[in-house]
Amino acid sequence: MSGPSSYQPQNPVMQWVERRLPIGGLIHSSFVAYPTPRNLNYWWTFGAILSMMLALQIVTGVILAMHYTPHVDLAFRSIEGIMRDVNYGWLLRYAHANGASMFFIAVYIHMFRGLYYGSYKAPREVLWILGVIIYLLMMATGFMGYVLPWGQMSFWGATVITNLFSAIPWVGDSIVTLLWGGYSVGNPTLNRFFSLHYLLPFVIAGVVVLHVWALHVVGQNNPAGVEPKTEKDTVPFTPYATLKDAFGMMCFLLFFSWFIFYIPNYLGDPDNYIPANPAVTPAHIVPEWYYLPFYAILRSIPNKLAGVVAMFGAIVVLAFLPWLDSAKTRSSKYRPLAKQFFWIFVAVCLGLGYLGAQPPEGIYVIAGRILTVCYFAYFLIVLPLLSRIERARPLPNSIAEDVLGKSGKAMASVMVAVVAGGALLFGGASNARAADGHGSTPPSLSWSFAGPFGTFDRGQLQRGLKIYKEVCSSCHGLSMVAFRNLGDPGGPGYSPAQVAAFAAEYKIQDGPNDAGDMFERPGRPADHFPSPFPNEQAARAANGGAYPPDLSLIAKARGYGRGFPQFIFDAFIQFQEKGPNYLHALLVGYEENAPAGFALPEGSFFNHYFPGNAIKMPKPLSDGQVTFDDGSPATVDQYSKDVAAFLMWTAEPKLEERKRLGFQVMIFLVIFSGLLYFTKKKVWSDAH
């Protein structure tokens, strides 16, 4: 249903090309003269937003792949190398990681819009089925991408999800072995997932082309659910829909940029900043938030095979919607009962998402089973029944008669409901991902690096470095940090000469020399902080069996639950200080004696804030242990604040650059969005 093309190139070269390959006419008829229903609202903008997000994910993914190493021993470190050493690597990584969540937010809104307005009904069945295929490909691509950082949650998520295929009778174990490339998740698995994660976005792009092609054949649906009858019912795609979509995309980019520049780890899992360890299982394995409703369906059924079938069936059933709902009226806007059941279904999906983030026990299991039944009942019972018994309200005679202004307040209230529901889902996921077993919630401190304009206190970073060197470095490494980083902008602020002198104080093992022997030499600025132990076994032997973790990323690898609704407020106030708060609380949370009734294991120490309250590490700090040249108090509280701030810098060395660039991007997007809005308003004033 592309519009008639009046494209006539004036350039002789373009005329020659057009006669042989009329691509200009195709573009003109599909994206310029294409007739667009006059009454489309902003829910239709998410189609353009999804195209933008797909392009962004492909571009950032291709560049990241140039620096990524798909090997179990190198993958985690290569990701951190991108973040620290590649020019704007942090921006590429955060845009790609958060882009996955933004992609799914947009696709869920796009799908619910299609459900509400009946965009799956004839003659758009193929269009809808292609959309379901895109969604399945997105889920597979997102899962494989989540595995690539090779952190704790990546590894165990891959182990749990791939193990589901073992439930398939007769061939299940063979499928799992094929996916793994062996008898456990390992290097072949990572290579397979990396190859497929790189390939599938291009497959998605191909199916998107078919999706758009099908759209142009049958035409767009609209809020009224009636087909265009005259030219008064439509407007040309350009400039009307183009400007409207551009404004919507800029608003979405504002939302997206908030996450990239100010809360980049808000939707992530702290455990994924811990290198994968097959010997240590996380207390609570949780997938990314966009899989949670289906994860809840899987866990609600006690039989493994039945759970897997139900989980995949919950997605596949969408493809049969055109035949399950045979009502003649498309839009729920004119179907009172269908509208009510639609919002109940949205609540069911959000409830399943919340339950998917909770432990599979007690009331959560019962509630999951109830909502699973409700989910399938909507498609298999409610929609077919409503098709037979519901009496729809009269439809407008044409799109031109459809009054859009009446739906404005309703749309605003709908958006508030969606945001509140999403907040519940994200809040539940946040609780599940927090460190389990804390005796007390760490108090929130005031940090200089907090907020949109926060910066590191140079003096505090230098004091924290001194504490690390004199106290922490005897057990804990800092392997991701190079000595030269101490002189980088946004860091402790040392001069090149000071960095060289500091590095020379360390002995670095090098070699082999001409005689084939290893030797020690003074450190250089390009060297990384050396580990205090040659290997993990030596570290455990020196620490009573406990392994002192590397501290490079500890501030992002530790957290605690904030709960709902505080979790949502954190997004607006840009709260990202859970790690430093926890580290400070841990260092000051030691008690000489365990409380009465607490069974403290031998060789452990009681700590209010450590998971389980029993920690192997002795109290590392005491008053007067380190002397500061600037006269700061030599107290445990001061030491704890300083070293926590320093470790926040080691985990986020580009924090100041990120916030500075974020401010510039946000200002640009606000101004550009405003210009687009007033331009759109002027153009559309002629259409209404």
For the side chain of Ser257 and the backbone of Leu254, is there at least one donor-acceptor N/O pair under 3.5 Å apart? no

Tell me whether the centres of the aromatic rings in Phe567 and Tyr266 are closer together than 6.0 Å. yes

For the backbone of Ser495 and the side chain of Gln498, can you confirm whether one donor and one acceptor N or O come within less than 3.5 Å of each other? yes

Aromatic ring proximity, centroids under 6.0 angstrom, Phe449 and Phe456: yes

For Phe519, I'd like to know if atom CZ has over 12 heavy atoms of other residues, nucleotides or ligands within 6.0 Å. yes

Aromatic ring proximity, centroids under 6.0 angstrom, Tyr609 and Tyr560: no

At what distance, to the nearest 0.5 angstrom, does CE of Met250 lie from CG of Leu669? 6.5 Å

Close aromatic pair by centroid cut-off 6.0 Å: Tyr108 and Tyr290: no

Identified side chain to side chain contact (heavy atoms under 4.5 Å, CB included) counterpart of Tyr273 within the set Glu80, Met153, Arg558, Gln152: Glu80

Has the side chain of Gln462 got a donor or acceptor atom that lies under 3.5 Å from a matching backbone atom of Pro492? yes

Verify the distance criterion only: is there a donor paired with an acceptor across the side chains of Tyr146 and Tyr291 at less than 3.5 Å? no

Count the heavy atoms belonging to other residues, nucleotides or ligands that lie under 6.0 Å from OH of Tyr183, then report whether that count exceeds 12. no

Aromatic plane relationship, Tyr468 with Phe529 - under 30° parallel, 30 to 60° tilted, over 60° perpendicular: perpendicular

About how many Å separate CZ of Phe193 and CG of Leu196, when rounded to the nearest 0.5 Å? 8.0 Å

Distance flag, aromatic centroids of Tyr68 and Tyr198, threshold under 6.0 Å: no

Using a cut-off of 6.0 Å, state whether more than 12 heavy atoms not belonging to Tyr506 lie near its atom OH. yes

Is the CG atom of Asn87 crowded by more than 12 outside heavy atoms at less than 6.0 Å? no

How many angstroms lie between CG in Leu50 and CD1 in Ile105, if you round to the nearest 0.5 Å? 11.0 Å

May I ask you to check if Arg562 and Phe575 form a cation-pi contact, with NZ or CZ under 6.0 angstrom from the six-membered ring centre and within 45° of the axis? yes

To the nearest 0.5 Å, atom CG of Leu164 lies from atom CD1 of Ile175 at 12.0 Å

Can you list the steps and then say if Lys556 with Asp271 is a salt bridge (charged side-chain N to carboxylate O under 4.0 Å, His left out)? CA-CA 9 Å; Lys556 292 197 293 189; Asp271 276 358; over 6 Å; no

